[in-house]
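Each residue takes its place number in the sequence, starting with 1. These numbers come from a predicted model, not from an experiment. Counting starts at 1 for both ligands and their atoms, in listed order.
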Amino acid sequence: MPDQPVPRDAAVAAPLDSTRRFVPGLLAPAARPGPLPRYCFVGGHNDPDHVPSTALAEAAVAVIRREGAQLAMYNLGTGPLGYLGLRRCVADKLARRQGIRPGADDILITSGSGQGLDLVTQMFLAPGDTVLVEALSFEGAMRRFRKAGAKLLGMAMDEGGILVEPLAVQLRGLRASGTMPKFLYTMPTVHNPTGGVMPAGRRAELLRVARAFGVLIVEDDCYADLVWSGGDPPPALRALDPGCVVYLGSFSKSVLPAVRLDYMVADWDILSRALPLKSDAGTGALDQMVVAEFLGGHEEAHTDLLRTTLHAKMRVMQEAVAREFGSAAECVSAKGGIFLWLKLPDTVDVRTLVAPAARAGVAFNPGPDWAADPDTARSCLRLCFALPSASDIRDGVAELARVCFEQTGIPAHGANRRRAAGP
Ligand SMILES: Cc1ncc(COP(=O)(O)O)c(C=O)c1O
């Protein structure tokens, strides 16, 4: 066949139909990015009024002046684990606050703890494998595990996290059926979405059971620095039994989510298998240098301020929910973090509220996305209170209650009055 004539002006030629070339089973297309909704209660954003811009700018100038020449080299010429200054910072913080005592070489800086989760998924999961997750769990983690073909089993939990006795029964049942979970994924300190913190005694029990059944634990401690009390949270699982736990931490919530910096703490037999899978030729070194420099002088003051601010915003949101939803909403009182987890009456399926709420400018995360068994959380929702101002929190919750009433007749009472006739 003769060659097709090359169009004279490629700029005006019709685009190739690339859709025919995609591999089968490709993920659904993303929505075209747009501006944030007026009342944005989704995602894990942080408070824009408390970005330490001046200190970050000073840190950037200082570290670039001092060490900028290193940027000429991939990974600053010091290898793929990450900027040593940042790994030392992480090691120091973990020893002070989480009771973990890693050496700098037990720490791998990742591009978002999302990447840490990707590495864990790639290292351990093949189609058909089983993973244990809390009955309510982080959507982003469950999505990754499911995408790898893993079967997710929910573990019974309460506000203090995994219930250990039922877990032991579950593990006994799995063992009897010849199933060995690849790992158990948990957020013991400021659980996403409930905001619960597992008490110290239960941590020890959990580790005892995990050891007895030979189950590896993946501990996601993304929110560990945002516990309200300000006092140190109970020791991390990795602090209590390092050999049983791969630990993931993040700067997204304690510094800034747009700085894509996180870390994995694990023994070398695991880190040495994660490194070849990390295909980004190194996490952004400039970000690492700036964050390390910033944390060196400001970590305690910054996280103290963040905790105080976020705690106050949570109270604003709790009050708004109580005012607008009355007894129709049960709130879990978070012990830290950036989310409020709500339960509406069983008759409300929050999935039916997503589109009408979006039309009213309100975005929220529907509970089913945060549950191992989605239908169990059909009347629950997660609201992030970190990004909106106090007045947007009040107005947005009022708007959400109005939409909910229009769609379901619930809440019949709110803002100290009976609402007008329902649908
Ligand atoms: C529990 C948990 N782990 C990990 C992440 C990933 O965060 P990042 O990649 O921004 O560190 C999030 C983000 O919301 C989270 O909630």
(request) Compare every heavy atom of R351 with every heavy atom of P366, then report the nearest pair and how far apart it is. (result) CB-CG, 4.5 Å

(message) Show the atoms of ligand 1 that are less than 4.0 angstrom away from any heavy atom in R260.
(response) 8 (P), 9 (O), 10 (O)

(request) Pull out every atom of ligand 1 sitting under 4.0 Å from any heavy atom of S250, numbered as shown with elements. (result) 11 (O)

(request) May I ask you to check whether M187 has an N/O atom sitting below 3.5 Å from an N/O atom of ligand 1? (result) no

(message) I'd like to know whether D267 forms a salt bridge (Lys or Arg N to Asp or Glu O under 4.0 Å) with R238, so could you lay out the CA-CA distance, the side-chain angles of the two residues, the decisive distance to 0.1 Å, and finally the verdict.
(response) CA-CA 11 Å; D267 296 343; R238 168 108 191 152; 2.9 Å; yes

(request) Specify the closest pair of heavy atoms between V164 and R202, including all atoms of both residues, with the distance to one decimal. (result) CG2-CG, 3.7 Å

(request) Of the side chain and backbone of F251, name the one, both, or neither that has a heavy atom under 4.0 Å from an atom of ligand 1. (result) neither

(message) Show me which atoms of ligand 1 lie under 4.0 Å from any heavy atom of K253.
(response) 13 (C), 14 (O)

(message) Tell me whether D269 is salt-bridged to R273, with the criterion being a basic N under 4.0 Å from an acidic carboxylate O.
(response) no

(request) Check for a donor-acceptor pair, side chain of E293 on one end and backbone N or O of A59 on the other, with a separation under 3.5 Å. (result) no

(request) Using a strict cut-off of 4.0 Å, indicate which atoms of ligand 1 neighbour a heavy atom of S252. (result) 8 (P), 10 (O), 11 (O)

(message) Looking at ligand 1, is there an atom of it that comes within less than 4.0 Å of some heavy atom belonging to G44?
(response) no

(message) Between R97 and D225, does any side-chain N to carboxylate O distance fall below 4.0 Å?
(response) yes

(request) Would you indicate which of D118, T186, D220 comes nearest to atom 2 (C) of ligand 1 when only heavy atoms are counted? (result) D220

